[in-house]
Structure formats: structure tokens, C-alpha cells
Amino acid sequence: MNISIGDFLIGENKSVFIIAEGCDNHLGNINEACRMALEAKKAGADAIKFQHHLPDEEMLPDSPMSDNFEEPLYEFLKKYALKLNDHIELKNYCDKIGILYLCTPFSWKAAQEIDPLVPAFKIGSGEMTDIPTLIRISGLNKPMIISTGMSTFQEIDRTYDALIKLKTPLVLMNCVSEYPPVYQDLNLGVIEKMIKRYPNAVIGHSDHTPEIYTSFAAVALGAKVIEKHVILDKTQPGPDQSVSIEFNELAKLVDGSKKISLSLGSEKKVHF
């Protein structure tokens, strides 16, 4: 199974596609976000991804606090979420330096706003079971990359069936929604099960560990897309600091993943 995202063909017999997840580690500073895009390009990533939050469209002001936040998420996003004009500037900058710009919308309105900017939609684990909204987004006629960290196989089945029925080009990302996860909870063997269970989707892995080792293992197990959180400085506070790697580590991740991807043939040859 192969799908096209921008100029990239992703899937069977193709090199692994690496997404640097910028999340909100820019803390609302557009200059820092642009710097992250540049560092991702220098590290060899294929894409840099950010997030488009419209807090009043996606949550109530008194939403419960997450363990990896030091203030309510609603208040954090009100202060630090990038505005639409920021995303337009980021998209233009990414085009200029030659790295693919991606973005996660967290509501239908956010998806509509970023639609002109992206070649595909990344959907977070929290929205994977919101099939009515996913169907609306699929109507924008772009590939969808969907994380599955908070879902059972039965829930993934429903989303997969709904979107494949609409002929939506689909990437399903194996994921564990712990920040960071306990290694015993990763169960990377699920990747191989997903490859067999969802033959009309490309299978990837979204990694929330603070290192790069399990991403290498995911590639070896057949993941064709790797998404990894990145940060300019690990000493910087923030909600995603504990699951992010710096860009020198990203360069090692890209180099190792591409080499592993090249080595996964199964033909027995005698070499001289």
C-alpha cells in the first residue's frame, strides 16, 4: 500500500517518512517555530508538524488538567497556541527552506482554516474516534494520518472502515498515549498486527519516549512513518518537554531509520 503526501510516496518498498513533531514547544514564539523548522530540515526530516488550536472550539475552560501540564490546558493554549497568520508564515518559510509543512487541527473549524496550507491532515489520538468530524475532514479530499494511542482495535476498525469506504488515503500510527511511556507498555509488536489488520492503510509509529531506540525498532517491524516530538532545548519547560528529543538526536534518528529502512529486504543473495 502506498499513498502520496506532497512530493513523497509513502509505504511499501519506500524509505521511511520522518515527521518532526514541533507540537507547542515553540511556546507561541513564531521565530522559535521557524527555527525548529530549519533545524528539522538540517537534521534530514521529511516534514515538520505543528498544531492548530482553537481552544473554544475543542474544550471547555474548566477541562481537567493533564499530568504533563503545570497549568490548565485551556489557559496554556490561550497563551501559547499559534494563530492562523503564524501558520501561514510557517508554511511559507517551510516552502522556502524545502521541508514539508504539516499541521494537526483539533476541531472542524481548525481543519477548515489550515486546509489551504497542508497536503494532508494529521489527527491526534484524542480525535480518532470522532468519526463524524473525521468524515467531514475527509471531504476535503486529502490524505489523513491518524494516531491510535487511546483506542482499542475495535475502535480503530470503525474509523478505518469509515474512511476506507470513502477512499481516503490513510496512515494509521501505532501509538501509546503516555507522556513518557513505560517501556513495558509500548508493545511494538502491535505494528505487525496493524499491518495485517489494515491492508489498505500505511502503518506508522508515533513515539513518545525520550530517546530514539524504539523508533528504530518500529522501523524494523515495518513502520513506514515515524513521528517524533522535537525541542530546541531539553531544559526548556513545557508540556511536551519530557517526550521530546533535541535536533542532534533527530539527525541520528533520521540517519539510522533511513539506513534500517534500506536494509529490510528479504531476498537471499550471495554477494562477492
Side-chain angles (χ1 to χ4, degrees), residues 1-22 37 40-49 94-95 97-104 118-123 128 138 140-149 156 159-160 163-164 166-175 186 188-207 212-230 245 247 249-269 271:
M1 182 65 194
N2 293 312
I3 69 168
S4 296
I5 296 180
D7 294 331
F8 294 91
L9 188 61
I10 301 166
E12 190 175 0
N13 298 321
K14 303 301 176 185
S15 182
V16 63
F17 183 73
I18 309 288
I19 303 171
E21 164 62 290
K41 169 65 177 177
K42 288 161 60 176
D46 299 302
I48 178 85
K49 189 185 78 64
C94 287
D95 287 348
I97 64 174
I99 189 169
L100 191 69
Y101 165 87
L102 294 174
C103 190
T104 297
V118 296
F121 290 102
K122 169 67 203 298
I123 306 298
M128 201 224 70
S138 76
L140 298 172
N141 297 314
K142 291 179 178 175
M144 298 175 73
I145 305 169
I146 303 180
S147 285
T148 62
I156 302 170
T159 294
Y160 172 83
L163 294 177
I164 292 301
L166 296 172
K167 302 188 185 307
T168 304
L170 185 61
V171 178
L172 292 174
M173 302 292 282
N174 176 61
C175 180
L186 286 175
L188 290 177
V190 169
I191 292 169
E192 294 176 305
K193 292 184 177 180
M194 290 178 71
I195 291 169
K196 293 178 181 177
R197 193 177 183 114
Y198 308 114
N200 292 315
V202 173
I203 304 302
H205 177 67
S206 184
D207 195 305
I212 61 178
Y213 311 116
T214 51
S215 292
F216 291 150
V219 175
L221 288 167
K224 299 301 183 182
V225 180
I226 294 293
E227 180 185 61
K228 191 71 178 175
H229 284 60
V230 290
I245 61 173
F247 287 90
E249 297 172 285
L250 178 65
K252 295 176 183 177
L253 172 63
V254 171
D255 181 56
S257 295
K258 299 287 186 180
K259 288 175 178 174
I260 292 168
S261 185
L262 287 170
S263 73
L264 294 179
S266 59
E267 183 178 353
K268 179 62 177 171
K269 294 182 179 180
H271 297 276

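Residues passing the side-chain contact (heavy atoms from CB on, under 4.5 Å) test with Lys142 are Asp115, Val118, Phe121, sequence neighbours excluded.
Nearest approach of Pro119 to Ile5, heavy atoms of both residues: CG-CG2, 4.0 Å. Closest approach of Val171 and Gly204 over heavy atoms only: CG1-N, 4.4 Å. Considering all non-hydrogen atoms of both residues, Leu163 and Leu170 come closest at CD1-CD1, 4.0 Å. Of all heavy-atom pairs between Ala218 and Ile226, the closest is CB-CD1, 3.9 Å. The minimum heavy-atom distance between Ser206 and Glu227, with the atom names listed, is OG-OE1, 2.6 Å. Heavy-atom minimum distance, Asn2 versus Gly11: OD1-C, 3.1 Å.
Taking the side chain as every heavy atom from C-beta outward, Val230 and Phe247 approach each other to under 4.5 Å. For the pair Tyr160 and Ile146, the minimum side-chain heavy-atom distance is 4.5 Å or more. At a threshold of 4.5 Å between non-hydrogen side-chain atoms, the residues Met1 and Glu12 do not count as touching. At a threshold of 4.5 Å between non-hydrogen side-chain atoms, the residues Ile156 and Met128 count as touching. For the pair Met173 and Ile145, the minimum side-chain heavy-atom distance is below 4.5 Å.
Judged by distance alone, with hydrogens and angles left aside, the side-chain atoms of Lys41 form a donor-acceptor pair with the main-chain N or O of Gly98 at under 3.5 Å. Side-chain atoms of Ser4 do not come within 3.5 Å of backbone N or O of Leu9 as any donor-acceptor pair. A donor-acceptor pair under 3.5 Å links the side-chain atoms of Ser263 to the main chain of Ile260, judged by distance alone.
The CD1 atom of Ile19 lies 10.5 Å from the CD1 atom of Ile99; values are rounded to the nearest 0.5 Å. Rounded to the nearest 0.5 Å, atoms CG (Asn200) and OG1 (Thr168) are 11.5 Å apart. Atom NZ of Lys228 and atom CG of Leu250 lie 10.0 Å apart (nearest 0.5 Å). The CG atom of Leu100 sits 8.5 Å away from the CG atom of Asp46 when rounded to the nearest 0.5 Å. A distance of 9.5 Å separates CG of Leu264 from CG of Leu221, quoted to the nearest 0.5 Å. Atom CD1 of Ile191 sits about 4.5 Å away from atom CG of Asn174, to the nearest 0.5 Å.
If you check the side chains of Lys224 and Ser261, you find no donor sitting under 3.5 Å from an acceptor.
Ring orientation note: the planes of Phe17 and Phe8 are nearly perpendicular, at an angle over 60° on the 30°/60° scale.
Each of Lys259, Lys252, Lys258 was evaluated against Asp255; a single residue qualifies, Lys259, per the salt bridge (Lys or Arg N to Asp or Glu O under 4.0 Å) test.
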What do the steps show when you test Lys122 against Leu102 for side chain to side chain contact (heavy atoms under 4.5 Å, CB included), and what is the final call? CA-CA 7 Å; Lys122 169 67 203 298; Leu102 294 174; 5.6 Å; no
